Undergrad: 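Can you read through this structure? Questions will come right after.
As a basis for the values below, the full set of heavy atoms in this structure was taken, side chains included, without hydrogen atoms, waters or symmetry mates. Everything numeric in this text was worked out from a predicted model, so none of it was measured.
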Protein chains: 2
Amino acid sequence: MFFGEHTYKVDDKGRVPLPPKFRREMKDGVILAKGTGEKCVAVYPVLEWKRMADSLATRAVTPAHLRKLNRAIFGSAFSTSFDGQGRIALPHPLRDHAGIADTAIVVGANNRVELWSEDEWKAEKASAEEQAAQIIETLESSQ
Amino acid sequence: MFFGEHTYKVDDKGRVPLPPKFRREMKDGVILAKGTGEKCVAVYPVLEWKRMADSLATRAVTPAHLRKLNRAIFGSAFSTSFDGQGRIALPHPLRDHAGIADTAIVVGANNRVELWSEDEWKAEKASAEEQAAQIIETLESSQ
DNA sequence: CCCTTTCTCCCCATTTTTCCCCACAATTGT
DNA sequence: ACAATTGTGGGGAAAAATGGGGAGAAAGGG
């Protein structure tokens with residue numbers, strides 16, 4: 001389980017540290033993938049990612065469908081691990097996708113970790129909080 | 001398992017490098033074939049390709065059917081291996097089929113690798129991601 | 001049948017990138 | 001206050017990306 005929001009520098013070699021607590025849950029290696037829908041990079045512990053990939057693959061209805069699905073799932077995923085200082089290297093396609101320059105916001109999101117650029121995160125957080133507030137409103141008014 | 005999306009130059013002799021991780025899984029040689037259905041080149045490790053060809057052959061319903069199948073499978077397949085720099089040479093028929101000019105997108109898709117032209121990949125990726133997103137939606141909402 | 005041309009394959013060279021290691025400052029916990 | 005951990009920055013060795021050169025095989029035309 002990953003919690004919290006942390007800010008880290010991305011050095012000019014594209015390396016990002018993760019919080020020590022996160023590393024300990026990911027020492028077997030991680031899978032980097034594009035955040036589905038959002039402009040961020042998703043970081044999964046390998047086991048968690050395999051579980052997800054399997055449950056997706058079983059939804060394929062035809063061979064052509066499965067090929068396409070594999071392309072989407074595996075094509076956007078990169079396998080990597082930590083260096084001696086607890087950093088991971090961001091592949092260029094992913095860094096571009098998330099628009100991450102020299103600062104990354106590292107966000108714990110239950111079963112995965114997400115990396116955001118400062119700008120995208122600010123926008124996402126604002127809209128997330130607004131939506132959450134609305135949901136809470138409707139919940140409370142229906143009591 | 002093949003992961004990720006990588007961009008490589010195709011030199012004027014039609015040679016394409018593959019990522020080092022892919023080479024290590026393919027050092028016994030590879031089979032190049034037309035992507036079934038899609039405008040791409042499929043690259044299989046020999047063992048994986050044999051497994052596939054066998055499983056197809058056992059489903060042939062008549063001898064004539066089997067002959068036709070063999071022609072289709074083996075006729076468009078090329079056996080090759082890596083040169084000293086980790087490149088494979090693309091036979092002309094395949095390069096034409098995939099419309100690959102001077103840049104190839106190398107996509108890991110689980111048990112195989114695919115080579116795409118920039119344009120075809122852009123289109124395919126968009127539709128593949130859309131499909132995946134739909135499935136993810138249904139997964140999440142069914143939880 | 002032989003010569004020419006093309007293509008393939010293998011080797012070498014250069015630049016770029018990646019990876020692994022070390023160093024130091026800042027922070028945390030004891 | 002001290003020791004250990006963590007954030008940040010680089011240096012240097014190794015690997016990888018890219019580009020050609022040239023020998024030999026295959027193809028094609030006279």
Undergrad: Got a sec, which residues hit ring-ring contact (aromatic ring centres under 6.0 Å, His included) with H97(A), two or more places apart in sequence or on another chain?
TA: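 None.
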
Undergrad: Determine whether V10(B) and V41(B) fall in the same hydrophobic cluster, where Ile, Leu, Val, Met, Phe, Trp and Tyr are linked whenever their side-chain heavy atoms lie under 4.5 Å apart.
TA: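 Same cluster.
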
Undergrad: Check the distance between dA17(D)'s P and F82(B)'s CZ and give it to me in whole angstrom.
TA: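 Interatomic distance, CZ of F82(B) to P of dA17(D): 11 Å.
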
Undergrad: For DNA chain D, which residues of residues 87-96 of chain A approach it to below 4.0 angstrom with any heavy atom?
TA: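 Of all residues in residues 87-96 of chain A, the ones placing a heavy atom under 4.0 Å from DNA chain D are R87(A).
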
Undergrad: Look at Y8(B) and dT18(D) and indicate whether a side-chain polar atom (N or O) is within less than 4.0 Å of OP1 or OP2.
TA: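 False: Y8(B) side-chain N/O out of range (4.0 Å or more) of dT18(D) OP1/OP2.
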
Undergrad: List the steps and the verdict of side-chain contact (heavy atoms from CB on, under 4.5 Å) for F22(B) and V106(B).
TA: CA-CA 10 Å; F22(B) 291 7; V106(B) 177; 3.9 Å; yes

Undergrad: Would E114(B) and W121(B) satisfy side chain to side chain donor-acceptor pair (under 3.5 Å), going step by step from the backbone distance to the final call?
TA: CA-CA 10 Å; E114(B) 293 178 345; W121(B) 173 242; over 6 Å; no

Undergrad: Mapping D83(B) and R24(A) to their closest nucleotides on DNA chain D, which lands nearer the 5' end?
TA: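 With D83(B) and R24(A) compared, the 5'-side residue is R24(A).
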
Undergrad: Using atom NE2 of H6(B) as one end and atom C1' of dT17(C) as the other, report the distance to the nearest whole Å.
TA: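 Between C1' of dT17(C) and NE2 of H6(B): 14 Å.
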
Undergrad: Within the 4.5 Å heavy-atom criterion, are L18(B) and M26(B) side-chain neighbours or not?
TA: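 They are in side-chain contact.
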
Undergrad: May I have all residue pairs that pass side chain to side chain donor-acceptor pair (under 3.5 Å) and include part of residues 63-72 of chain B, sequence neighbours excluded?
TA: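 Pairs touching residues 63-72 of chain B that pass the test: none.
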
Undergrad: Below 4.0 angstrom, which residues in residues 9-20 of chain B have at least one non-hydrogen atom near DNA chain C?
TA: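 Heavy-atom contacts with DNA chain C come from K13(B), R15(B).
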
Undergrad: Taking NZ, NE, NH1 and NH2 as the nitrogens, is one of them in K122(A) or E124(A) under 4.0 Å from a carboxylate oxygen of the other?
TA: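 Looking at K122(A) and E124(A), the cut-off is not met.
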
Undergrad: Sequence neighbours excluded, which residues qualify as ring-ring contact (aromatic ring centres under 6.0 Å, His included) partners of F74(A)?
TA: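 For F74(A), the residues satisfying ring-ring contact (aromatic ring centres under 6.0 Å, His included) (neighbours in sequence not counted) are W49(A), F3(B).
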
Undergrad: Measure the CZ-NZ distance between F78(A) and K34(A) for me, rounded to the nearest 0.5 Å.
TA: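 Answer for the CZ-NZ pair, F78(A) versus K34(A), is 8.0 Å.
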
Undergrad: Show me the protein contacts with nucleotides 24-27 of chain C, counting only N or O atoms at under 3.5 Å.
TA:
none

Undergrad: Please determine whether any donor N or O and acceptor N or O are separated by less than 3.5 Å between the side chain of Q85(A) and the base of dC20(C).
TA: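 Such a pair does not exist between side chain and base.
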
Undergrad: Kindly compute the distance separating OG1 (T80(B)) from CD1 (I88(B)), expressed to the nearest 0.5 Å.
TA: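 The CD1 atom of I88(B) is 6.5 Å from OG1 of T80(B), to the nearest 0.5 Å.
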
Undergrad: Is the shortest side-chain N to carboxylate O distance from K50(B) to E48(B) below 4.0 Å?
TA: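 E48(B) and K50(B): not salt-bridged.
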
